[in-house]
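Just follow the structure's listing: the first ligand is 1, and inside any ligand the first atom is 1. Every value quoted in this text rests on a predicted model; they were computed, and no experiment measured them. Note that these values count all heavy atoms, side chains included, but never hydrogens, waters or copies made by symmetry. If you read the sequence from its start, that first residue is 1, and numbering goes on from there.
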Amino acid sequence: MADGLRDKLIAAKQAWARAGRLLTGETAPPGTRLPPGQKLVQDWPILDLGIQPEITLDKFRLVIDGAVDNPVTLDWSELMALPQSEMTADMHCVTQWSNYDNRWRGVSAATILALASPKAACRHVIFHSFDEYTTNLSLAQFHQADVMLVHHWNDAPITRAHGGPLRGMVPRYYLWKSAKWLVRIEFSDSDQPGFWETRGYHNNADPWLEERYS
Ligand SMILES: Nc1nc2c(c(=O)[nH]1)N[C@H]1C(S)=C(S)[C@@H](COP(=O)(O)O)O[C@H]1N2
Ligand SMILES: [Mo]
């Protein structure tokens with residue numbers, strides 16, 4: 001995507017945040033599968049800043065560092081040698097689409113936490129991507145049973161357009177929290193709002209509370 005187009009896309013999404021676009025003011029009853037203001041789709045739309053980096057498996061590296069006792073850099077074979085997990089989860093994008101029953105395979109957040117061992121003062125996790133996108137989670141948001149670093153979707157490798165070879169998957173929050181083309185997981189004592197969180201989007205991003213904008 002040309003720089004001009006990219007800037008227009010970012011400006012449009014920032015304007016939505018300022019205008020509170022798509023807010024229904026509803027709260028979903030507990031246990032509702034589809035969050036308020038969302039529409040169920042059958043496909044998987046592509047949304048990013050227009051740069052879709054090609055990361056071949058031989059070039060792939062994942063840095064895990066910051067407020068941890070055991071910082072590590074993993075190449076692809078080291079990542080694959082970690083325990084592999086599977087889960088099925090829904091996705092909810094702030095642009096209003098949701099889809100159901102995505103089957104993921106990858107490495108669980110629990111496995112990453114056991115490997116890196118965050119220090120006692122660590123409270124936050126920052127995903128860094130190859131396209132310089134970042135997004136922030138609290139350690140509590142990251143430390144949930146359905147949070148994973150995923151490399152397979154419905155039994156096929158995740159495509160480059162969807163963030164392959166490795167992306168974050170944090171299914172209980174709006175999808176901008178699920179960084180594509182993951183290159184670094186930074187543990188931190190302090191919060192570091194990311195690309196959209198510094199452009200008017202909510203820091204916590206819970207779809208059932210309609211935490212779209214800050
Ligand atoms: N690296 C990176 N990750 C990203 C983004 C991005 O621009 N770059 N966009 C986010 C947004 S706004 C959304 S909605 C989802 C979209 O993921 P998808 O294209 O696989 O549907 O990726 C998120 N992760
Ligand atoms: Mo998004």
Side-chain angles (χ1 to χ4, degrees), residues 1-3 5-23 35 37-55 59-63 89-106 125-137 141-142 147-154 156-186 192-207 210-214:
M1 195 188 289
D3 275 2
L5 266 177
R6 177 179 182 275
D7 292 346
K8 275 186 195 157
L9 172 79
I10 294 169
K13 286 185 81 170
Q14 275 191 273
W16 293 7
R18 279 194 302 271
R21 186 174 180 266
L22 311 179
L23 282 180
Q38 295 294 111
K39 295 190 179 99
L40 187 61
V41 300
Q42 302 302 325
D43 58 342
W44 184 8
I46 293 168
L47 281 135
D48 52 52
L49 303 173
I51 308 141
Q52 298 183 341
E54 179 166 11
I55 305 165
K59 275 195 309 190
F60 173 89
R61 295 289 181 281
L62 178 67
V63 174
D90 302 343
M91 279 191 271
H92 309 288
C93 176
V94 73
T95 61
Q96 258 187 323
W97 60 266
S98 294
N99 70 9
Y100 288 169
D101 293 326
N102 301 280
R103 253 188 351 273
W104 302 107
R105 192 153 79 241
V125 183
I126 321 300
F127 285 150
H128 297 259
S129 300
F130 199 90
D131 60 347
E132 299 191 347
Y133 182 88
T134 63
T135 189
N136 56 317
L137 298 163
Q141 284 178 311
F142 182 75
V147 176
M148 290 175 67
L149 316 181
V150 292
H151 49 71
H152 275 71
W153 174 77
N154 291 357
I158 294 174
T159 59
R160 174 177 167 185
H162 281 302
L166 188 75
R167 72 176 294 164
M169 186 45 58
V170 190
R172 278 186 247 177
Y173 299 90
Y174 285 124
L175 198 57
W176 85 77
K177 294 288 186 185
S178 295
K180 299 159 76 163
W181 311 293
L182 200 58
V183 293
R184 179 177 174 212
I185 302 173
E186 178 188 3
Q192 294 173 39
F195 186 88
W196 287 119
E197 293 85 1
T198 55
R199 287 170 175 79
Y201 285 77
H202 202 287
N203 210 49
N204 193 59
D206 183 328
E210 253 198 315
E211 291 174 338
R212 298 177 191 273
Y213 314 118
S214 55

Note to self: Closer than 4.0 Å to some heavy atom of Trp176 - which atoms of ligand 1 meet that?
What the structure shows: 10 (C), 11 (C), 12 (S), 23 (C)
Item checked: Distance from atom 8 (N) of ligand 1 to nearest protein heavy atom, with residue and atom -> Asp131 OD2, 2.8 Å
Check: Using heavy atoms and a threshold below 4.0 Å, how should the contact between Trp181 and ligand 1 be classified: side chain, backbone, both, or neither?
Finding: side chain
Check: Is any side-chain N of the basic residue among Arg172 and Asp206 closer than 4.0 Å to the acidic one's carboxylate O?
Finding: no
Margin query: Between Tyr133 and Leu49 (side chain of the first, backbone of the second, donor and acceptor by atom type, cut-off under 3.5 Å), is there such a pair?
Written below: no
Checklist line | Closest candidate by heavy atom, reference atom 6 (C) of ligand 1, pool Trp97, Tyr133, Trp44, Phe127 | finding: Tyr133
Note to self: Going by the rule side-chain hydrogen bond (donor to acceptor under 3.5 Å, both in side chains), which residues pair with Gln192 if we only count those two or more places apart in sequence or in a different chain?
What the structure shows: Glu186
Check: Judged by atom type as modelled, is there a donor-acceptor pair below 3.5 Å linking the side chain of Glu197 to the main-chain atoms of Gly194?
Finding: yes
Item checked: Nearest-neighbour protein heavy atom for atom 3 (N) of ligand 1, which is reported as residue plus atom name and distance -> Lys180 N, 2.9 Å
Notebook entry, point to check: Which atoms of ligand 1 sit under 4.0 Å from any heavy atom of His162?
Noted result: 18 (P), 19 (O), 20 (O), 21 (O)
Note to self: Test of understanding: with side-chain hydrogen bond (donor to acceptor under 3.5 Å, both in side chains), list the residues that count as partners of Thr134, not counting sequence neighbours.
What the structure shows: none
Checklist line | Per-atom contacts of ligand 1 with Ser129, taking only distances under 4.0 Å to non-hydrogen atoms | finding: 1 (N)
Margin query: Yes or no: does Trp196 have any heavy atom under 4.0 Å from an atom of ligand 1?
Written below: yes
Note to self: For Thr135, is there any backbone N or O sitting under 3.5 Å from a side-chain donor or acceptor partner on Lys177?
What the structure shows: no
Note to self: Below 4.0 Å, non-hydrogen atoms only: which portion of Phe195 touches ligand 1? Side chain, backbone, both or neither.
What the structure shows: neither
Margin query: Does the structure place the NZ or CZ of Arg199 under 6.0 Å from the centre of the six-membered ring of Phe195, at an angle of no more than 45° from the ring's axis?
Written below: yes
Notebook entry, point to check: Quick one: does Met91 get within less than 4.0 Å of ligand 1, heavy atoms only?
Noted result: no
Item checked: Trp196 vs Ile10, side-chain contact (heavy atoms from CB on, under 4.5 Å): CA-CA, chis, key distance, verdict -> CA-CA 9 Å; Trp196 287 119; Ile10 294 169; 4.2 Å; yes
Notebook entry, point to check: If you measure from atom 9 (N) of ligand 1 to every heavy atom of Ile10, Ile46, Leu47, which option wins on shortest distance?
Noted result: Leu47
Item checked: Numbered atoms of ligand 1 (with element) below 4.0 Å of Lys13, judged on heavy atoms -> 12 (S)
Check: Who's the nearest protein heavy-atom neighbour of atom 24 (N) of ligand 1, and how far?
Finding: Ser178 O, 3.1 Å
Next item on the list: Give a yes/no verdict on whether any heavy atom in Ala179 is under 4.0 Å from an atom of ligand 1.
Entry: yes
Note to self: Looking at ligand 1, would Arg167 count as a contact under a 4.0 Å heavy-atom criterion?
What the structure shows: yes
Checklist line | Close N or O approach (Pro45, ligand 1; < 3.5 Å) | finding: yes
Checklist line | Top protein contact for atom 14 (S) of ligand 1, by heavy-atom distance | finding: Cys93 SG, 3.3 Å
Note to self: Between Val125 and Asn136, is the side-chain contact (heavy atoms from CB on, under 4.5 Å) condition met? List the steps.
What the structure shows: CA-CA 6 Å; Val125 183; Asn136 56 317; over 6 Å; no
Next item on the list: Using modelled atom types only, decide if a donor and an acceptor are shared between the side chain of Gln38 and the backbone of Cys93 within a distance under 3.5 Å.
Entry: yes
Checklist line | Residue portion contacting ligand 1 (non-hydrogen atoms closer than 4.0 Å) for Leu49 | finding: both
Notebook entry, point to check: So Trp16 and Tyr213, side-chain contact (heavy atoms from CB on, under 4.5 Å) or not? Walk me through it.
Noted result: CA-CA 9 Å; Trp16 293 7; Tyr213 314 118; 3.9 Å; yes
